[in-house]
Protein chains: 2
Amino acid sequence: MNGVFKALNDPTRREILRLLGHQEHTAGDLAERFDMTKPSMSHHFAVLKEADLIISRREGTTIYYALNTTVVQDVMAWFLDLTGSDEGRT
Amino acid sequence: MNGVFKALNDPTRREILRLLGHQEHTAGDLAERFDMTKPSMSHHFAVLKEADLIISRREGTTIYYALNTTVVQDVMAWFLDLTGSDEGRT
DNA sequence: CCCTTATTTAGAAATTTATCTAATTATACA
DNA sequence: TGTATAATTAGATAAATTTCTAAATAAGGG
């Protein structure tokens with residue numbers, strides 16, 4: 001969970017996640033949408049991947065990134081758990 | 001939203017939020033549950049307050065902290081928005 | 001007014017992070 | 001093999017963060 005919150009603590013990375021929310025994108029496609037060098041963007045992809053928030057697949061020289069919705073759900077569950085621990089008791 | 005994610009990016013602060021999930025606690029009560037000095041804990045309270053994740057009230061020399069559930073809901077909404085933008089269309 | 005308790009503020013040291021440029025790897029293809 | 005394209009790794013620097021000790025503030029009571 002630590003890596004997830006660390007990954008979320010950056011506006012560029014949060015915007016990347018938003019772009020990946022509805023469809024996958026290539027590294028290059030994502031990179032050109034930001035005012036930042038490709039190596040910097042590549043670093044952000046690495047942090048997101050380390051947190052398991054995104055998954056990647058290679059096709060030739062191109063890498064496609066996609067949101068890992070499972071981990072997004074895990075974060076949601078963490079927040080629900082913060083306050084909602086008793087509602088299962090009837 | 002930036003301050004919220006920044007505040008969440010620390011295990012001590014996340015544990016504080018968890019402790020405040022079900023009832024309010026005083027600064028001193030919270031502080032003694034962690035292996036950290038009071039000034040360090042006070043700093044964490046300040047970051048959480050800056051993010052509006054907690055609210056405080058003073059009673060004499062004692063300060064009580066409580067979770068601000070409104071902002072917690074805002075974060076949840078942010079995550080829902082990440083993937084779920086189309087479900088309102090029928 | 002002085003003392004005690006609860007808590008925060010100030011300032012410093014060590015660590016982590018974001019970003020850049022330059023160099024490298026991976027893949028495809030003529 | 002040589003070249004072009006897509007992307008990452010390496011190394012450096014500047015800025016932000018966590019934690020500590022020491023000092024200060026706030027409130028209440030004798």
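Here is the naming used below: chain letters follow the sequence lines, and residue numbers restart at 1 for every chain. As a basis for the values below, the full set of heavy atoms in this structure was taken, side chains included, without hydrogen atoms, waters or symmetry mates.
The side chain of A/Met36 lies closest to C/dT19, out of D/dT8, C/dT19, D/dA6. Proximity note for B/Pro39 (side chain, C-beta onward) versus D/dT8, C/dT8, C/dT19: the nearest is C/dT8. Picking from D/dA7, C/dC20, D/dT19 the nucleotide with the shortest atom distance to the side chain of A/Ile63 gives D/dA7. For B/Ser40, the listed nucleotide lying nearest its side chain is D/dC20; candidates were C/dT8, C/dC20, D/dC20. When each of D/dT18, C/dA18, D/dT9 is scored by its nearest atom to the side-chain atoms of A/His43, the top-ranked nucleotide is C/dA18. When distances are taken from the side chain of A/Arg58 to each of C/dC20, C/dT27, C/dT8, the shortest belongs to C/dT27. Closest contact between the side chain of A/Phe45 and the listed nucleotides D/dT19, D/dT8, C/dC20 involves D/dT8. In this structure, the nucleotide among C/dA18, D/dA7, C/dT7 sitting nearest to the side chain of B/Lys38 is C/dT7. Listed nucleotides: C/dT7, D/dT8, C/dT17. Nearest to the side chain of B/Ala27: C/dT7.
Residue contacts for B/Tyr65: at a heavy-atom cut-off of 4.0 Å it reaches the sugar-phosphate backbone alone, with no base atom in range. Within the 4.0 angstrom heavy-atom criterion, only backbone atoms of the sugar-phosphate kind lie near A/Thr62; the bases stay farther away.
When rounded to the nearest whole Å, the span between CG of A/Asp35 and P of C/dA18 equals 17 Å.
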